[in-house]
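Here is the structure we will look at, set down as structure tokens.
Here is how names work: the chains are called A, B, and so on, in the same order as the sequence lines, proteins then strands, and each is numbered from 1.
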Amino acid sequence: MPELLLDGQPLKVDEGTTVAAALLLGGDGSSRTSVSGQRRAPFCGMGVCQECRVSTDGQRRLACQTLCRDGMRVESRP
Amino acid sequence: MSQSADIIIIGAGIIGAACAHELARRGLRVLVLDAGRRAATAAGMGHLIVLDDNPAELALSQYSLQRWRDWGRDMPADCAYRQNGTLWLAANAEEMAVAEAKYQVLREQGLDCQLLGAAALQAAEPELSQTLHGALKVGGDGILYAPNAARWLLQHAQIELRMARVVEIDHRRVRLDDGAWLSAEVLILANGVYARELCPELPLQAKKGHLLITDRYPGRVNHTLVELGYVTSAHNASGPSVAANIQPRPTGQLLIGASRQFDSEAPEVEPWMLGKMLRRAVDYMPGLAGLNAIRAWTGLRAASPDGLPLLGEHPQRPGLWLAVGHEGLGVTTAPGSADLLVAQLFGETAPLAPDAYLPQRFLGVAAHA
Ligand SMILES: Cc1cc2nc3c(=O)[nH]c(=O)nc-3n(C[C@H](O)[C@H](O)[C@H](O)COP(=O)(O)OP(=O)(O)OC[C@H]3O[C@@H](n4cnc5c(N)ncnc54)[C@H](O)[C@@H]3O)c2cc1C
């Protein structure tokens, strides 16, 4: 089972869990904060709407298109 | 039939909105009708830029830039107005000579501009390719979020905005798609590329453009970056063309343009064209290739044969005033266009000589002069 760090907190998830699902399991479900200060969360779930941009290991990724890996650092609150 | 307003404006894009604003300020009751269709104002880049392809374009854009700087002081934050300046990038010695010639022209008009050598350009914009020869900086240029600027211009007690589609113009009346007729002493046609539907004699052609916006990367780019090759590659070509145009949005996003093509009015993004446009931008800013894009879209510019707008009364249709054909510069030239039109309507001396923009140059003289 991969274990990741979500905003600094450890979180164990099942193999094959997307980062979008991990955000819901271990956080507030949101992936980032918008310019106007609102929390933003996955919307379309299929890589089109670009709402779920999230930082994983320092790279911007789409949470719904990214699988959790052991040791991954996910930051939703820059 | 009773008068619906003193003036009816067809189209609530940046041009219709600027005209409405100016007329309302003079105390007229203005009814603005808009069909909510795909508008250039919503699609475009909102780069406020002085262009000098010909003296009339220079006069109109320079005058309008001054008006935007004045309005900029009062505009709400969501209009995202910034006076961040344009850098015209020279890729080789030939283009550096173009930059120097442009510098002379703009300086003669009293514009704030400055030539930068390669080192100064690197210092100003470190993300740019080190192979560039230099740039011309135009300090008075800016950027704007045009849809919100149009909304702001329409906020006036004398202006009523109504969502409705005009299907016919008959003398001083318009017919809406629900069959109702509305009338006014003066009609202003400001519905962009759609003007051809209501006025088929207008010599307007659609010029499709692609744009793309990235995720937020604050602080990487300061000025709006435009290649000088733009002057030759984008403006004077009849086939599809691209030119690098990189604009830093206040959010830290980068708005990337621009493409031009006459062969398609379909709204779809065309991957071959988008790819060509992005490769061009990456030539100028190599690091762009590593950034994430979040959206791409297209829009249509309404191009007249000489690239200048048509501003004035229709010579064969008294009471119908034209404010169309703004091509790729209508956000910039909206205030000047409105002032020129309103001055003619009131029979006043316009702030610029109106001749170069009169519809007569394409439509001929009045039928019954
Ligand atoms: C890709 C692209 C990039 C651009 N970049 C820039 C730039 O950087 N700087 C710049 O200055 N300019 C730029 N432009 C040009 C600029 O956006 C346009 O010149 C300007 O927005 C034109 O405004 P408009 O009000 O004439 O037309 P539009 O914005 O198209 O508005 C027309 C309005 O009329 C309405 N309408 C249409 N038909 C009817 C009808 N029958 N009845 C009622 N209403 C109707 C529509 O709903 C629409 O709201 C760009 C354009 C494009 C396409």
Side-chain angles (χ1 to χ4, degrees), chain A residues 2 4-8 11 13 16-24 26-78, chain B residues 42-43 45-46 75-82 84 127 143-149 151-152 210-222 246-256 267-271 274 278 281-282 285-298:
Chain A
L4 47 135
L5 272 184
L6 172 54
D7 293 323
L11 176 69
V13 296
T17 302
T18 63
V19 173
L23 289 166
L24 209 54
D28 65 352
S30 300
S31 59
R32 63 188 173 96
T33 304
S34 77
V35 206
S36 54
Q38 293 174 314
R39 297 290 286 155
R40 291 296 169 99
F43 178 67
C44 76
M46 58 186 193
V48 173
C49 76
Q50 309 281 330
E51 281 297 317
C52 68
R53 278 124 64 198
V54 70
S55 165
T56 68
D57 295 330
Q59 304 280 334
R60 307 249 186 108
R61 293 287 176 255
L62 294 181
C64 74
Q65 299 297 297
T66 308
L67 292 180
C68 295
R69 274 182 292 97
D70 201 41
M72 187 184 251
R73 283 176 302 108
V74 178
E75 312 278 347
S76 82
R77 296 175 186 276
Chain B
M45 295 189 89
M75 265 188 275
D78 71 357
C79 295
Y81 171 77
R82 297 284 187 285
N84 64 326
E127 290 270 344
I143 54 171
L144 187 73
Y145 185 58
N148 285 351
R151 269 190 279 278
W152 173 69
H210 284 69
L211 296 175
L212 176 141
I213 196 156
T214 70
D215 200 348
R216 283 149 53 195
Y217 300 96
R220 299 217 183 184
V221 176
N222 304 302
I246 301 169
Q247 179 189 114
R249 301 297 308 158
T251 56
Q253 293 172 287
L254 297 176
L255 178 53
I256 315 294
E268 283 76 24
V269 169
E270 296 167 67
L274 187 64
L278 292 175
V282 168
M285 180 180 163
L288 194 58
L291 307 186
N292 292 355
I294 62 168
R295 269 179 245 295
W297 65 94
T298 69

Which donor-acceptor pairs fall under 3.5 Å between chain A and chain B:
| from | atom 1 | to | atom 2 | distance (Å) |
| --- | --- | --- | --- | --- |
| A:Thr33 | O | B:Arg216 | NH1 | 3.3 |
| A:Cys49 | O | B:Arg295 | NH1 | 3.2 |
| A:Cys49 | O | B:Arg295 | NH2 | 3.4 |
| A:Arg53 | NE | B:Asp215 | OD1 | 3.3 |
| A:Arg53 | NE | B:Asp215 | OD2 | 3.4 |
| A:Arg53 | NH2 | B:Asp215 | OD1 | 2.9 |
| A:Arg60 | O | B:Asn292 | ND2 | 3.0 |
| A:Arg60 | NH1 | B:Asp215 | OD1 | 3.4 |
| A:Arg60 | NH1 | B:Asp215 | OD2 | 3.0 |
| A:Arg60 | NH1 | B:Arg216 | O | 2.7 |
| A:Arg60 | NH2 | B:Arg216 | O | 2.7 |

Using the side chain to side chain contact (heavy atoms under 4.5 Å, CB included) criterion, which residues pair with B:Ala293? Sequence neighbours excluded.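 B:Ala293 satisfies side chain to side chain contact (heavy atoms under 4.5 Å, CB included) with B:Leu212 only.
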Please list, chain by chain and in numerical order, all residues satisfying side chain to side chain contact (heavy atoms under 4.5 Å, CB included) with A:Leu24, sequence neighbours excluded.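 If we apply the side chain to side chain contact (heavy atoms under 4.5 Å, CB included) test to A:Leu24, skipping adjacent residues, there are no hits.
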By salt bridge (charged side-chain N to carboxylate O under 4.0 Å, His left out) - contacts of A:Arg39 (at least two apart):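 Scan of A:Arg39 (salt bridge (charged side-chain N to carboxylate O under 4.0 Å, His left out), adjacent residues dropped) gives A:Asp28.
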